[in-house]
Protein chains: 2
Amino acid sequence: MSDVARAAGVSAATVSRALRGEPGVSDATRRYVTEVAKRMRYAIARDASSLAGGRRYAVAVLTADVGRGDLLAGAEGALRQAGYDVLLYVLRDAEARKRFFDELPLARRVDGVLALAVNLTDAEDAALTGLDVPVVAVWDDDLREALRLAVGHLTGSGHRDVALVLAGDIDESYDEVLVAQGLPVRPEWTLWSSSTVAGGEQVVDALLDGERLPSAVISTSGEVALGVFLRLRRDGRDVPGDVSIVSLEGTDLARAVGMTAVEGAWRERGEHAVEVLLARLRGEQDETEPPSVQLVVRGSTGPARDS
Amino acid sequence: MSDVARAAGVSAATVSRALRGEPGVSDATRRYVTEVAKRMRYAIARDASSLAGGRRYAVAVLTADVGRGDLLAGAEGALRQAGYDVLLYVLRDAEARKRFFDELPLARRVDGVLALAVNLTDAEDAALTGLDVPVVAVWDDDLREALRLAVGHLTGSGHRDVALVLAGDIDESYDEVLVAQGLPVRPEWTLWSSSTVAGGEQVVDALLDGERLPSAVISTSGEVALGVFLRLRRDGRDVPGDVSIVSLEGTDLARAVGMTAVEGAWRERGEHAVEVLLARLRGEQDETEPPSVQLVVRGSTGPARDS
DNA sequence: TTGAAAGCGCTAACAC
DNA sequence: GTGTTAGCGCTTTCAA
């Protein structure tokens with residue numbers, strides 16, 4: 001930077017102000033400095049900038065699962081455009097997750113935290129809040145809303161025996177949504193799975209071991225839903241004749257295989273989360289609503305067997 | 001840090017040396033300082049550290065497509081474990097890609113660059129090399145090898161009319177692999193697609209518009225391969241009776257739907273790439289081989305129609 | 001083995 | 001509108 005200052009015949013402070021768009025520089029000077037900097041291919045040393053200025057121009061993005069590509073891509077694009085670096089943390093499994101929250105390697109390193117598809121426990125949330133930077137989480141509310149839609153659709157078709165498959169580290173309180181809509185909750189019908197097709201297949205195995213099959217399965221993960229579908233079919237069950245399936249993660253994969261799903265505009269959801277975070281960073285509050293989700297009925301759901 | 005120094009009754013320099021494992025500190029001092037730092041929940045200010053030390057403890061990870069989750073997850077885990085931050089850059093489409101290489105926002109910000117599933121053009125490669133940090137790219141070689149396996153499998157079953165679907169920004173020279181194995185190359189059978197199921201469906205539409213169908217389709221993307229499969233079937237074509245399909249991206253999705261695919265151990269491939277990069281960072285050269293890929297034959301391929 | 005001092009490249013506060 | 005000065009929190013000489 002001092003090179004640029006010398007070349008432009010101004011002080012380093014002026015270069016700094018000019019390049020950052022700070023007030024207190026004449027238009028002519030700003031233009032000239034900008035041009036010189038460009039010609040010299042000057043790239044700011046962010047470390048020094050952060051050290052002196054206090055801001056870090058970086059946001060940590062936590063995700064449980066890189067599979068939810070659109071959410072992540074949307075957030076990355078929006079952050080990048082706003083001039084923030086994206087520090088990616090993949091909380092792949094319980095162990096990685098625990099290590100992350102134990103060490104919490106974010107202190108003094110980021111201006112904010114975005115938790116995508118993570119579903120923080122209270123303790124984890126507290127740990128992040130202790131960092132003293134804004135934390136924005138996407139997924140939990142979205143998931144609840146999606147679940148409500150799915151349950152509504154199923155009860156409307158006479159389903160009462162609904163199994164819920166949760167992918168990732170998700171707390172149990174989702175059962176409440178079932179209860180709220182008047183459905184019974186059977187412990188053996190609340191299942192956990194990794195977010196993979198194979199996970200979905202295993203879920204079906206567990207279900208088949210039980211007394212009887214539920215008449216419908218809701219899965220938070222599109223891949224799991226597909227696994228459930230494939231495994232059921234391989235076992236000679238008809239979908240939706242014997243079992244209906246709803247995925248809470250609508251992607252074009254769901255569309256292509258004809259899976260009833262909640263479509264969430266995930267890229268837009270990621271961008272919206274960034275808006276909220278940036279507003280918090282500015283000390284404001286973003287009041288806009290996230291993009292709404294909607295249920296798209298396809299061939300994987302039908303009336304309940306006994307209705 | 002000076003707090004820790006004061007509390008431990010040593011100088012900041014000693015704290016610095018102790019915490020980083022630098023020589024020149026007695027074991028007793030190191031242990032004590034480490035303990036005090038931990039007790040005080042000291043977190044180093046990376047900015048200051050980088051500024052003073054020259055190293056940035058950060059690696060840029062470029063990816064064309066967050067869909068290849070395992071590759072990314074593998075690289076992220078390995079980098080994190082080695083103490084590096086992961087700066088994620090999603091080169092989503094041609095425009096984002098161009099902007100990235102025009103601005104090249106990495107100067108003075110990272111110690112190295114990892115390009116995952118990107119396939120750099122010569123110009124792009126030169127731009128990165130100009131950054132003066134090690135650059136490691138994964139995908140191109142892997143893809144060529146995978147393609148060789150796929151082509152070998154198909155020609156072994158008598159296929160000669162093979163269409164190639166490239167997902168992402170991939171250069172055309174992959175045709176050479178077909179030529180090298182004695183296959184004819186027809187321009188209308190080299191197709192580009194976005195890495196989505198929908199993209200695969202569109203590819204089939206284009207194929208159906210042509211004079212005749214190829215007897216086999218190779219797709220670099222697992223999702224595209226699935227789209228091809230679904231669309232062909234919806235059109236009344238038999239797979240593999242009419243058309244065989246091979247995916248170069250073997251995931252459990254490929255397994256679940258019975259797709260012949262090249263399984264690449266992507267997570268391990270990502271970790272290996274990090275090994276190579278870290279070695280370069282240490283000024284060494286990693287000579288280990290990347291994990292090998294292998295073809296798994298499933299139901300989506302069979303003998304050629306006319307053989 | 002340890003400490004003191006200089007300086008990394010910026011920004012912010014204060015002058016002018 | 002612009003320059004000067006003083007740090008930001010570390011690492012790295014150089015001395016002790």
Side-chain angles (χ1 to χ4, degrees), chain A residues 1-37 40-58 83-85 105-111 131-133 281, chain B residues 1-37 40-58 83-85 105-111 131-133 281:
Chain A
M1 164 175 265
S2 55
D3 312 4
V4 177
R6 210 172 307 116
V10 296
S11 72
T14 297
V15 174
S16 174
R17 288 189 277 249
L19 261 27
R20 287 178 303 143
E22 288 281 293
V25 192
S26 75
D27 273 13
T29 309
R30 191 188 303 278
R31 262 196 303 275
Y32 182 56
V33 168
T34 308
E35 193 219 314
V36 171
M40 298 179 72
R41 300 172 156 285
Y42 167 72
I44 194 173
R46 283 277 251 261
D47 302 319
S49 176
S50 305
L51 187 56
R55 296 181 54 198
R56 253 151 283 273
Y57 304 96
Y84 283 87
D85 274 340
L106 301 180
R108 306 222 251 162
R109 246 191 263 187
V110 295
D111 298 319
L131 249 27
D132 218 40
V133 296
L281 250 18
Chain B
M1 163 174 264
S2 54
D3 311 4
V4 177
R6 210 172 307 117
V10 296
S11 72
T14 298
V15 174
S16 174
R17 288 188 276 249
L19 261 27
R20 285 178 306 143
E22 289 281 292
V25 191
S26 74
D27 274 12
T29 310
R30 192 188 302 278
R31 261 196 303 276
Y32 182 56
V33 168
T34 307
E35 193 219 313
V36 172
M40 298 179 72
R41 302 174 154 280
Y42 168 72
I44 194 173
R46 281 278 248 265
D47 302 319
S49 176
S50 307
L51 187 57
R55 296 182 54 201
R56 252 152 283 275
Y57 304 96
Y84 284 87
D85 273 340
L106 301 181
R108 309 222 248 162
R109 246 190 263 187
V110 294
D111 297 320
L131 248 27
D132 219 41
V133 296
L281 249 18

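Residue numbers begin at 1 in each chain, while the letters A, B, ... track the order of the sequences.
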Quiz item: Just to confirm, is there a sub-4.0 Å distance from OP1 or OP2 of dT2(D) to any side-chain nitrogen or oxygen of Ser11(A)?
Solution: no
Practice problem: Taking the side chain as every heavy atom from C-beta outward, state whether Met1(B) and Ser16(B) have any pair of such atoms under 4.5 Å apart. | Solution: yes
Practice problem: Check every strand shown and say whether Ala45(B) touches a base, only sugar-phosphate, or nothing at a heavy-atom separation below 4.0 Å. | Solution: sugar-phosphate
Practice problem: From the options dC10(D), dG9(C), dA12(C), select the nucleotide whose nearest atom is closest to the side chain of Leu51(B). | Solution: dG9(C)
Practice problem: Would you indicate which nucleotide in dG9(D), dT11(C), dT1(C) comes nearest to any side-chain atom of Thr29(B)? | Solution: dT1(C)
Self-check item: Closest to side chain of Thr14(B), choosing from dT2(D), dT11(C), dT2(C)
Solution: dT2(C)
Quiz item: At what angle, to 10 degrees, do the two end axes of the helix from dT1(C)-dA16(D) to dC16(C)-dG1(D) meet, given five pairs define each axis?
Solution: 30°
Quiz prompt | Asp47(B) bridged to Arg108(A) by N-O distance under 4.0 Å | solution = no
Quiz item: Want to settle it: does Arg30(B) or Ala43(A) sit nearer the 5' end of DNA chain C, counting the closest nucleotide to each?
Solution: Arg30(B)
Quiz prompt | Under-4.0 Å side-chain N/O to phosphate OP1/OP2 contact, Ser26(A) with dG1(D) | solution = no
Quiz item: Considering only side-chain heavy atoms of Val25(A), which listed nucleotide, dG3(C), dC10(C), dT2(D), is closest?
Solution: dT2(D)
Quiz prompt | Sugar-phosphate only, base, or nothing, as touched by Gly53(B) at under 4.0 Å among non-hydrogen atoms | solution = sugar-phosphate
Quiz item: Counting only side-chain N and O atoms of Ser2(B), is one of them less than 4.0 Å from OP1 or OP2 of dC10(D)?
Solution: no
Quiz prompt | Check: Arg17(A) side chain, dG3(D) base, donor-acceptor under 3.5 Å | solution = yes
Practice problem: For Arg55(B) and dC8(C), give me the distance from atom CZ to atom C1', rounded to whole Å. | Solution: 16 Å
Quiz item: If you check every side-chain atom of Arg108(B), which of dG9(C), dG3(C), dA12(C) has the closest atom?
Solution: dG9(C)
Quiz item: Is the distance from OP1 or OP2 of dC10(C) to the nearest side-chain N or O of Ser16(A) less than 4.0 Å?
Solution: no
Exercise. Find out whether Arg56(B) and Val110(B) are in side-chain contact, i.e. whether some heavy atom of one side chain is under 4.5 Å from a heavy atom of the other.
Key: no
Quiz prompt | Nearest-angstrom distance from the residue atom OH of Tyr42(A) to P of dC10(C) | solution = 3 Å
Quiz prompt | Interatomic distance, Met1(B) CE vs dC8(C) C1' [rounded to whole Å] | solution = 15 Å
Quiz prompt | Proximal nucleotide (of dT2(D), dT12(D), dT11(C)) relative to the Ala13(B) side chain | solution = dT12(D)
